[in-house]
Amino acid sequence: MLRLHNTLTRKIETLEPLKRSEVSVYTCGPTVYDYPHIGNWFTFVRYDLLIRLLKHMNLKPVWVLNITDVGHLVSDADEGDDKLQVGAKREGKTAWEIAKYYSQYFLDGLDRLNISKPTYTPKATDHIGEQIDLIQRLESADYTYIIDDGVYYDTSKFSKYADFANLDVDEQQAGVRVEFNPQKKNSTDFALWKFSKASEKRDMEWESPWGRGFPGWHIECSAMLLKYLGKTIDIHCGGIEHIPVHHTNEIAQAEALTGKPLAKIWMHTNHISIDGQKISKSLGNTILLEDVEKRGFSIMALRMLVLESHYRTQSKFTWENVKAAETRLRSLYNLAELRWQTVSDNDSGPINYEEYIHLDITKPLLDDLNTPKVLANISQHESLISENLVTHKSKPSFLKYLSAIDDCLGLDLMKQHDISLEQKDLIIKRNAARVDNKWAASDRLRDQLKEEGVGLRDTNYGSIWYRY
RNA sequence: GGCGUCGUGGCGGAGUGGUUACGCAGAGGUCUGCAAAACCUUUUAUGCCAGUUCAAUUCUGGUCGGCGCCUCCA
């Protein structure tokens with residue numbers, strides 16, 4: 001069974017799904033006001049690894065990945081330009097246009113990285129009614145108060161507020177760097193509904209029982225989670241930075257109303273760093289998918305790079321290691337291409353692929369998603385498998401092995417096609433030339449294949465081709 | 001100030017109380033008509049100081065240092 005680190009208990013725990021064959025998963029999605037950088041993508045690939053593993057275990061994940069398309073405040077200070085508005089201003093468009101464009105870009109990006117399709121990708125703006133309803137229920141239960149700029153959640157009314165993140169609320173207050181609205185009762189209180197200023201007309205604003213305005217950031221996740229997955233879910237995922245604020249607030253909102261645990265397991269992914277610093281726009285070190293391609297690397301190499309570190313460690317991004325990942329990926333593609341070159345379609349080799357699938361892939365993944373270990377295991381057996389394929393007959397089992405890797409890691413090893421009949425013919429002609437010691441003709445044919453992206457290595461068992 | 005996390009060889013990055021992680025890069029070599037991203041070998045790795053132990057990179061304490069969060073952030 002799957003064991004995962006649970007932030008709730010700070011321990012590795014066994015997943016025990018609430019339903020027999022279904023696992024509910026909520027992952028905090030992007031705010032769609034700009035292009036996601038590779039750090040953002042790392043996180044979504046990691047969510048995908050969890051989803052893929054659940055499927056591999058024959059469980060049915062019900063996965064909600066929300067799209068935050070409501071602008072939220074750039075800062076908690078009163079000056080409330082929101083991120084969507086900032087994006088809109090920058091590009092001379094409306095907040096709605098910005099949200100639409102970057103939502104689509106994000107969804108396309110999921111495909112480019114071969115990330116599984118979530119069961120639901122609800123947008124915050126499509127659930128304003130549900131959010132208002134939740135706030136009303138919190139209001140009825142006496143968890144809210146109203147000040148000049150909005151409706152706030154009174155965190156002092158939720159006794160377990162500090163538990164999840166082990167917060168020392170008083171000490172936190174001492175170190176804060178921003179100006180709070182002085183009307184707030186507690187420093188940790190947060191907005192459920194923000195009022196539009198009477199003087200301004202926002203691109204995104206709605207009528208509510210408390211007046212014209214827009215929802216706070218945290219309430220959207222609670223509203224969509226409750227709507228699509230219910231009061232208690234199996235796994236709630238998010239970036240590590242959400243522990244003290246966003247997820248703490250989600251728990252406060254939902255559990256205050258339901259009286260039940262919001263999630264059984266909280267899984268948090270760590271960040272990647274560049275040159276020892278986090279990735280952020282203000283530091284000017286963001287890298288986009290397009291930048292990866294501009295440097296001549298494939299998007300799948302980036303996916304490989306994600307797999308090379310554990311989701312809970314703060315890993316380091318370097319171009320040198322994107323190259324290393326690309327090389328490693330290529331080597332696996334070459335291995336996969338041997339499926340077109342096996343001696344026979346029968347199964348009689350000495351390798352127990354079922355065992356490899358279990359020990360090399362499934363087992364380390366079930367142990368808190370240890371992808372580096374999986375890659376190490378695969379690499380360790382690569383030479384043996386490679387040699388076995390050209391000397392023995394084990395194609396059906398080998399195909400199962402490749403499928404297992406693709407299912408769990410999403411590297412698309414099975415995507416490449418066989419080489420063409422013409423190319424195969426060139427290989428036959430070259431070998432005929434070699435038999436006749438016609439080395440010039442032989443090399444000419446090899447060069448021709450090379451131009452078409454096909455390399456050759458001559459072995460005792462014949463010429464093996466591989467793609468560049 | 002509070003909370004958290006990490007410190008492994010040129011780079012990245014796992015596991016482990018006593019035996020090779022793994023990948024990339026570098027070096028040497030083998031096979032080959034020549035080649036090959038093929039094969040083999042290889043380079044003072046576990047921040048520092050104590051403690052526990054027959055034995056610690058792995059446990060405990062301390063210390064130094066990095067990073068993250070506490071403000072929107074994956």
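By convention in this document, chain letters (A, B, ...) are assigned in the order of the sequence lines, proteins followed by strands, and residues within each chain are numbered from 1. FYI, side chains are in, hydrogens and waters are out, and symmetry mates aren't considered; it's all heavy atoms of this structure. Everything quoted here is computed from the prediction, not taken from an experiment.
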Partner nucleotide of B:U46 by Watson-Crick or wobble geometry (both distances under 3.5 Å):
none
Over all strands shown, is A:Ile279 touching base, sugar-phosphate only, or nothing at heavy-atom distances under 4.0 angstrom?
base
Checking A:Arg46 side chain against A:Thr269 main chain: does a donor-acceptor pair fall under 3.5 Å?
no
Between B:G66 and B:U8, how far apart are the two C1' atoms, rounded to whole Å?
15 Å
Whole-angstrom distance between B:A25 and B:C34, as gauged at atom C1'
26 Å
Within 6.0 Å of NZ in A:Lys363, more than 12 heavy atoms from elsewhere:
no
Who is the Watson-Crick or G-U wobble partner of B:G7, with both distances under 3.5 Å?
B:C64
Does A:Asn40 reach a base, just sugar-phosphate, or nothing at all? Heavy atoms under 4.0 Å.
base
With rounding to the closest Å, how many angstrom separate the C1' atoms on B:U63 and B:C6?
16 Å
Let me have a per-nucleotide readout for nucleotides 12-27 of chain B, 5' to 3', with B, S or -, counting only protein heavy atoms under 4.0 Å.
SSSS-----BSBS---
Using Watson-Crick geometry (N1-N3 plus N6-O4 or O6-N4) or G-U wobble (N1-O2, O6-N3), each under 3.5 Å, B:C22 is paired with B:G12
For the P atoms, the ones on B:U16 and on B:C22, what distance do you get once it is rounded to whole angstrom?
16 Å
What's the gap between B:C11 and B:C3 when it is taken at their P atoms, as a whole Å value?
33 Å
Specify whether A:Phe158 and A:Tyr153 have parallel, tilted or perpendicular ring planes, treating 30° as the upper limit for parallel and 60° as the lower limit for perpendicular.
perpendicular
Between the CG atom in A:Leu49 and the CG atom in A:Leu54, the distance rounded to the nearest 0.5 Å is 11.0 Å
Examine B:G68: is either OP1 or OP2 under 4.0 Å from a nitrogen or oxygen in the side chain of A:Asn270? Give yes or no.
no
For atom CG of A:Asp275, is the number of surrounding heavy atoms from other residues, nucleotides or ligands below 6.0 Å larger than 12?
no
Would you please classify the geometry between the A:Phe190 ring and the A:Tyr161 ring as parallel, tilted or perpendicular, with 30° and 60° separating the classes?
parallel
Contact list please: residues 100-121 of chain A against RNA chain B, heavy atoms, distance less than 4.0 Å, in numerical order.
none
A:Asn334 CG to B:C39 P, in whole Å, measures 11 Å
Determine, for A:Phe214 and A:Arg202, whether the Lys NZ or Arg CZ falls below 6.0 Å from the six-membered ring centre while staying within 45 degrees of the axis.
yes
Name the nucleic acid region contacted by A:His37, choosing base, sugar-phosphate or nothing; use a 4.0 angstrom heavy-atom cut-off, strictly under.
base
Watson-Crick or G-U counterpart of B:G33, or none if no pair lies under 3.5 Å
none
Using atom P in both nucleotides, what's the gap between B:A27 and B:A14 to the nearest angstrom?
27 Å
Sticking with atom C1', work out how far B:C54 lies from B:G13, rounded to a whole angstrom.
32 Å
Under 3.5 Å donor-acceptor, A:Ser442 side chain and A:Asn431 backbone:
no
A:Asn66 side chain vs A:Cys221 backbone, donor-acceptor pair below 3.5 Å:
no
Across every strand shown, the nucleotide meeting Watson-Crick or G-U wobble geometry with B:C72 (both distances under 3.5 Å) is none
Please report the closest heavy-atom contact between A:Leu456 and A:Leu449, naming both atoms and the distance.
CD1-CD1, 3.8 Å
Using Watson-Crick geometry (N1-N3 plus N6-O4 or O6-N4) or G-U wobble (N1-O2, O6-N3), each under 3.5 Å, B:A27 is paired with B:U41
So, A:Arg303 side chain and A:Leu409 main chain: donor-acceptor pair closer than 3.5 Å or not?
yes
Expressed in angstrom and rounded to an integer, what is the separation of A:Leu384 atom CG from B:C39 atom P?
11 Å
Which residue lies toward the 5' end of RNA chain B, A:Ala165 or A:His271, if each is placed at its nearest nucleotide?
A:Ala165
Could you tell me how far apart A:His246 (NE2) and B:C3 (P) are, to the nearest whole angstrom?
24 Å
Distance check, C1' atoms only: B:U20 and B:U41, in whole angstrom units.
13 Å
Option among A:Asp443, A:Asp458, A:Asp436, A:Asp425 that satisfies the salt bridge (Lys or Arg N to Asp or Glu O under 4.0 Å) test with A:Arg430
A:Asp458
Watson-Crick/G-U partner (both atom distances under 3.5 Å) of B:A56
none
Distance check needed: B:C70 P versus A:Asn249 CG, whole Å only.
12 Å
A:Gln277 has an atom CD; how far is it from atom C1' of B:C67, in whole Å?
10 Å
A:Ile464 near the nucleic acid: base, sugar-phosphate alone, or nothing, with a heavy-atom cut-off under 4.0 Å?
nothing
Would you please classify the geometry between the A:His268 ring and the A:His247 ring as parallel, tilted or perpendicular, with 30° and 60° separating the classes?
tilted
Under the 3.5 angstrom rule, does the side chain of A:Asn40 hit a backbone N or O of A:His37 as a donor-acceptor pair?
yes
Separation of atom CG in A:Asn166 from atom C1' in B:C69, rounded to whole Å:
13 Å
Nearest-Å distance for atom pair CD1/P, residues A:Ile274 and B:C11:
18 Å
Going 5' to 3' through nucleotides 28-35 of chain B and flagging B where a protein heavy-atom sits under 4.0 Å of the base, S where only the sugar-phosphate is that close, and - otherwise, we get -----BBB
What is the distance from CZ of A:Arg330 to P of B:A36, rounded to the nearest Å?
18 Å
Could you check whether A:Gly276 gets within reach of a base, just the sugar-phosphate, or nothing at all, counting any heavy atom under 4.0 Å?
sugar-phosphate
